[in-house]
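Heads up: the structure comes next, in structure tokens.
Residue indices begin at 1 and follow the sequence shown. Reckoned from all heavy atoms, side chains included, excluding hydrogens, waters and symmetry mates.
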Amino acid sequence: KHDEVESAKRQLHDACTKLKMFAAQGLARSHEDLFNCLVELGNQLQLLRRVPLYLSAFTLSSQEIFGTCLRPHLCDPNPCIREATLRVFRVAMSNTKYIADALEYATVDVFIVRALERDSIRTDRSTSSSGSVPVASASRVGQNQYLGERIQGLKAARNVIAVAPLLVPR
């Protein structure tokens, strides 16, 4: 079990390093690679979440994880990337300290509200200016293309309310 946790920490560190690289590249990056990196990071956080104080033993600070690694991807033009990023935030915000850090360093509450406000319908796949990511929400033609992002926003808001209700912004 210890080896599994150490392996997960190493993979988490590698995923954060990749996310910093993707953020530095701006729109010149591969959306598919970025999406896969976010999914990997979410899975590693899910695994480490079972270990008490999982991020305290991690080498990166909360400011680096929330502010530098994840926040730039909440502004991505691709809804799939924003959806995956909100999922990572939701998984990482497991206690009051991490929720406070996410609110302070990444202003995640603003992005949750933005996700909930989106409700436009895409009628043509060729209008996407952000490249294509081969996931379910990228192929929602004629449906709400932001449905996954809205669901992750609701789950993140519910998580904040359940774990740290006093930190919920008014």
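Leu103 and Pro169 make their closest contact through CD2-CG, 4.3 Å (heavy atoms, listed as atom of the first residue, atom of the second, distance). Cys37 and Ala15 get closest at one heavy-atom pair: SG-O, 3.5 Å. Heavy atoms only, all atoms of each residue included: Ala115 and Leu86 are closest at CB-CD1, 3.8 Å. A pairwise comparison of heavy atoms in Ala156 and Ile112 identifies CB-CD1, 3.7 Å as the closest pair. Annotation for Arg87 and Gly42: closest pair NH1-CA, 3.4 Å, computed over non-hydrogen atoms.
Going from atom SG of Cys80 over to atom OH of Tyr146 covers 10.5 Å, rounded to the nearest 0.5 Å. Interatomic distance, Leu38 CG to Thr85 OG1, rounded to the nearest 0.5 Å: 4.0 Å.
Residues meeting the side-chain hydrogen bond (donor to acceptor under 3.5 Å, both in side chains) test with Arg71, sequence neighbours left out: Thr107. Taking Glu40 as the reference, nothing meets the side-chain hydrogen bond (donor to acceptor under 3.5 Å, both in side chains) condition, with sequence neighbours excluded. Shown here are the side chain to side chain contact (heavy atoms under 4.5 Å, CB included) partners of Val163, two or more places apart in sequence or in another chain: Ile99, Asn159. Scored by the side chain to side chain contact (heavy atoms under 4.5 Å, CB included) test, Asn36 finds Glu32 as partners (sequence neighbours excluded). Under the rule for a side chain to side chain contact (heavy atoms under 4.5 Å, CB included), the partners of Leu154 that lie at least two apart in sequence or sit in another chain are Leu116. Remark: Thr96 engages Ala164, Leu167 in a side chain to side chain contact (heavy atoms under 4.5 Å, CB included) (not counting sequence neighbours). For the salt bridge (charged side-chain N to carboxylate O under 4.0 Å, His left out) test, residues two or more places apart in sequence or in another chain that qualify with Arg82 are Glu149.
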What do the steps show when you test Met93 against Val108 for side-chain contact (heavy atoms from CB on, under 4.5 Å), and what is the final call?
CA-CA 11 Å; Met93 295 187 301; Val108 73; 4.1 Å; yes
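Here the side chains of Leu34 and Leu19 are in contact, with some heavy-atom distance below 4.5 Å. Between Cys75 and Phe111 the shortest side-chain heavy-atom distance falls below 4.5 Å. When side chains are defined from C-beta on, Gln63 does not count as touching Asp101, because their heavy atoms never get closer than 4.5 Å.
No single ILVMFWY cluster, assembled from side-chain heavy atoms under 4.5 Å apart, contains both Val168 and Val110. Linking Ile, Leu, Val, Met, Phe, Trp and Tyr whenever their side-chain heavy atoms come within less than 4.5 Å puts Val91 and Ile161 in one cluster. When the side chains of ILVMFWY residues are joined at heavy-atom separations under 4.5 Å, either directly or via intervening members, Leu70 and Val113 end up in two distinct hydrophobic clusters.
Within the structure, ring pair (Phe, Tyr, Trp, His ring centres under 6.0 Å) contacts touching residues 72-97 (residues at least two apart or in different chains) are Phe66-Phe89. For residues 153-166, the set of pairs meeting the salt bridge (charged side-chain N to carboxylate O under 4.0 Å, His left out) definition, not counting sequence neighbours, is empty. A salt bridge (charged side-chain N to carboxylate O under 4.0 Å, His left out) check over residues 102-114, counting only residues at least two apart or in different chains, returns nothing.
Checked for salt-bridge contact, Lys18 and Asp14 miss the test: no charged N lies under 4.0 Å from a carboxylate O.
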